[in-house]
Amino acid sequence: MELEDPFRKRARASGVAGGSLAGDPDRLSSLPYCLLHTIMSLLKARQAVQTCVLSTRWRHLWRSVPCLDIDFDEFNNKAPPSDGNLVCLSSGDDSSISDNDTSDSDSDSWQPHPKYFTKYKDWEDFEDFAVTLMSRCNIAQLDLFQLHIDRIRAPVFSNRLAAGWLRRAMKYCTPDRASKLGLSSGSWRLKRLHLCHVLLDDHFVKRVSSVCRSLEDLELDHCSCEIQSITSDSLKTLVLKNCGWRSLSEIISLTLKTLVIDGGSNTDACVLVILAPALAYLHLAVNVYKFRGGVSLNEVPSIAKAFIHLRHHKYNYNRSKLEGDQFKLLCSISNSTIFKLSGVGTRVLGKEPRFQEFKNLRSLLLDRCDLRDDFKTLVFFLRGSPILEKLTLQRCEFPECSSKKKRMPIRNSFSSSELRGLDLLCENLKVEIIYNDGHGPHHIRLLQRVSVNLSKNNIKLTKVN
């Protein structure tokens, strides 16, 4: 005898039919389509498609959802591996296969070495789902399209496969194809595109530039990019996280307001030129040896908030244009009101630092910076920041105490005229020192050698582990 579903039994006992009170309408399904689409946009793609079984009205709703998030994480089978869960990856070099494995010349009895297989049955399911979904949904009419692949769990060639899916989907929904479907030739309304672990080239950029004319938000995460130039007349936000570039030479956009370059590499020794006159926020956090050609910021007068982290800048190997003198890079963000500088050494200003005015700077944070050059880097910012209100020194390296007299700071190398000017600028400045080693009061005395107006009442000490 077939057991009755407990939910159905309780529903009939309480007068509930089909998940709603007897005689009452299905309130969720009675919502207008715009609200249902908004609700479904919060779901991952697989969950959104599964809503088709709820009722007749829901059967085709997923086809017109405005936001599509295809995520490999939805296909995470943790079942133990079996023969049915193996997918052939490659038939390459078999030199590591033992003689016992290859002694039988009969192809029917030959078994490939386990290294040629992966146990991701879930990848097969994900591939079938993604290809089918991207062929049935009109990407041209989406507001947001996301394709996320976990490169740890996916096969080694998954980024190329994903690139093929994306290329065919975009080709299917070109403006000419859209017009045949009864859509206008300029009907692409895609505004946000997020890709993770996808292989991209210049053809992808040209395709996006030609058909995605309303694209405002582009995010690439752990993508392998054979792209030389990123240009756009519509982008407002560009996020590049841990992407591998071969020869990225320019980012040009008259509309770009937010630019994030976090990690990754640019293997060829070409300078990355950024031309974005409307840029308001910059986040640049790179390893100086992985961007050996350097970064050049041109015409960014609108920048208000900037964060620059140059990893390994403190080391001097003369292998990158991003190590050593970065005076021009710092001057390019001189209009910012909030600035965070992280990881730089004493050579960041060059041998003879020049004067640069930071007329709008109100908050300055120096994080893990080397200040053992008698605070020359710090004084550079203080002298040029007439309205600076907050200074934070976070885990920076301070000059050491004099060996003759314990806890007495070394004498500052700046002239008396420079110090008198700093006294006026630092009169109302609030300072916070965040440190994990050293002697806190010693840090305060060192700063007061820079300016006598740095009152103890305006200096906050915070010790962290």
Side-chain angles (χ1 to χ4, degrees), residues 149 151 156 159-160 162-163 166 193-209 215 217-232 235 237-253 256-277 279 281-300 303 306-333 340-345 347-348:
I149 297 174
R151 64 175 181 172
V156 292
N159 59 348
R160 291 186 177 274
L166 186 63
L193 177 61
H194 297 178
L195 303 175
C196 179
H197 192 51
V198 180
L199 178 64
L200 306 173
D201 55 18
D202 283 325
H203 295 292
F204 164 78
V205 175
K206 293 177 181 178
R207 173 76 62 178
V208 170
S209 300
L215 189 65
D217 182 354
L218 175 62
E219 180 175 335
L220 306 180
D221 186 358
H222 285 91
C223 290
S224 300
C225 304
E226 299 176 359
I227 297 173
Q228 296 182 353
S229 174
I230 298 178
T231 59
S232 173
L235 272 183
T237 301
L238 177 61
V239 179
L240 310 174
K241 293 183 178 180
N242 300 306
C243 292
W245 308 89
R246 178 171 297 177
S247 56
L248 181 62
S249 59
E250 60 183 13
I251 297 176
I252 302 176
S253 176
L256 191 64
K257 295 184 178 297
T258 298
L259 174 61
V260 176
I261 303 177
D262 195 340
S265 62
N266 198 18
T267 54
D268 288 355
C270 62
V271 59
L272 172 58
V273 178
I274 300 172
L275 180 59
L279 192 66
Y281 174 72
L282 171 68
H283 178 107
L284 177 64
V286 296
N287 187 320
V288 297
Y289 302 118
K290 293 185 177 181
F291 279 77
R292 293 182 296 125
V295 178
S296 175
L297 284 170
N298 295 340
E299 298 185 23
V300 285
I303 195 164
F307 168 59
I308 296 179
H309 183 189
L310 302 180
R311 301 186 182 100
H312 296 164
H313 180 272
K314 298 178 183 180
Y315 308 104
N316 184 15
Y317 297 123
N318 296 320
R319 299 177 183 173
S320 171
K321 293 182 179 179
L322 270 182
E323 62 179 2
D325 188 352
Q326 297 303 315
F327 179 78
K328 291 183 179 180
L329 181 62
L330 296 179
C331 291
S332 63
I333 49 89
K340 178 180 178 180
L341 180 64
S342 179
V344 299
R347 298 170 294 113
V348 69

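Quantities reported herein were computed from a predicted structural model and do not represent experimental measurements. Start at 1 with the first residue, then count along the sequence.
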For G264 and F291 the tightest heavy-atom approach is O-CE1, 3.6 Å

What closest approach, in Å, do L248 and S229 show between heavy atoms, and which atom pair accounts for it? CD1-N, 4.2 Å

Between C225 and C243, the two heavy atoms sitting closest are SG-CB, 4.3 Å

Go through the steps for I274 and L256 under the test side chain to side chain contact (heavy atoms under 4.5 Å, CB included), then give the verdict. CA-CA 11 Å; I274 300 172; L256 191 64; 5.8 Å; no

CG of D202 to CD1 of I230: how many Å apart, nearest 0.5 Å? 9.5 Å

Any side-chain heavy-atom pair from L282 and L297 closer than 4.5 angstrom? yes

Q228 backbone acceptor or donor facing S247 side chain under 3.5 Å: no

Tell me whether D268 contacts the main-chain N or O of C270 through its side chain, where contact means a donor paired with an acceptor under 3.5 Å. no

Once rounded to the nearest 0.5 Å, what's the spacing between atom CG of D217 and atom CG of L238? 9.0 Å

Side-chain contact test, heavy atoms from C-beta onward, threshold under 4.5 Å: evaluate it for E219 versus T237 and give yes or no. no

dist I252:CD1 -> L235:CG (nearest 0.5 Å) comes out at 12.5 Å

In the structure I gave you, are the side-chain heavy atoms of E250 and L275 within less than 4.5 Å of one another anywhere? no

Test side-chain contact (heavy atoms from CB on, under 4.5 Å), reference L279, set L259, I251, I333, output is L259

Interatomic distance, CD1@I227 vs NZ@K206, rounded to 0.5 Å, equals 11.5 Å

Does D262 have any salt bridge (charged side-chain N to carboxylate O under 4.0 Å, His left out) partners at least two apart in sequence or in another chain, and if so, which? R311

Verdict with supporting geometry, V295 and L322, side chain to side chain contact (heavy atoms under 4.5 Å, CB included): CA-CA 7 Å; V295 178; L322 270 182; 4.3 Å; yes

How many angstroms lie between atom CG of L284 and atom NE2 of H309, to the nearest 0.5 angstrom? 10.5 Å

Is there a side-chain contact between V260 and Y281 (heavy atoms, below 4.5 Å)? yes

Taking all non-hydrogen atoms of both residues, which atom of H313 and which atom of R347 are closest, and how far apart? O-NH2, 3.0 Å

pair F204-L195: side-chain heavy atoms closer than 4.5 Å: yes

Does any non-hydrogen side-chain atom of V198 lie less than 4.5 Å from one of C223? yes

To the closest 0.5 Å, what do you measure between CZ (R292) and NZ (K290)? 12.5 Å

Worked check of side chain to side chain contact (heavy atoms under 4.5 Å, CB included) between Q326 and V344: CA-CA 9 Å; Q326 297 303 315; V344 299; over 6 Å; no

Verdict with reasoning, N266 to V286, per side chain to side chain contact (heavy atoms under 4.5 Å, CB included): CA-CA 10 Å; N266 198 18; V286 296; over 6 Å; no

May I ask you to test the V208-L218 pair for a side-chain heavy-atom distance under 4.5 Å? no

When you measure from the side chain of S224 to the backbone of G244, do you find a donor-acceptor pair of N or O atoms at a distance under 3.5 Å? no

Just wondering, do L240 and W245 contact through their side chains at under 4.5 Å, heavy atoms? yes

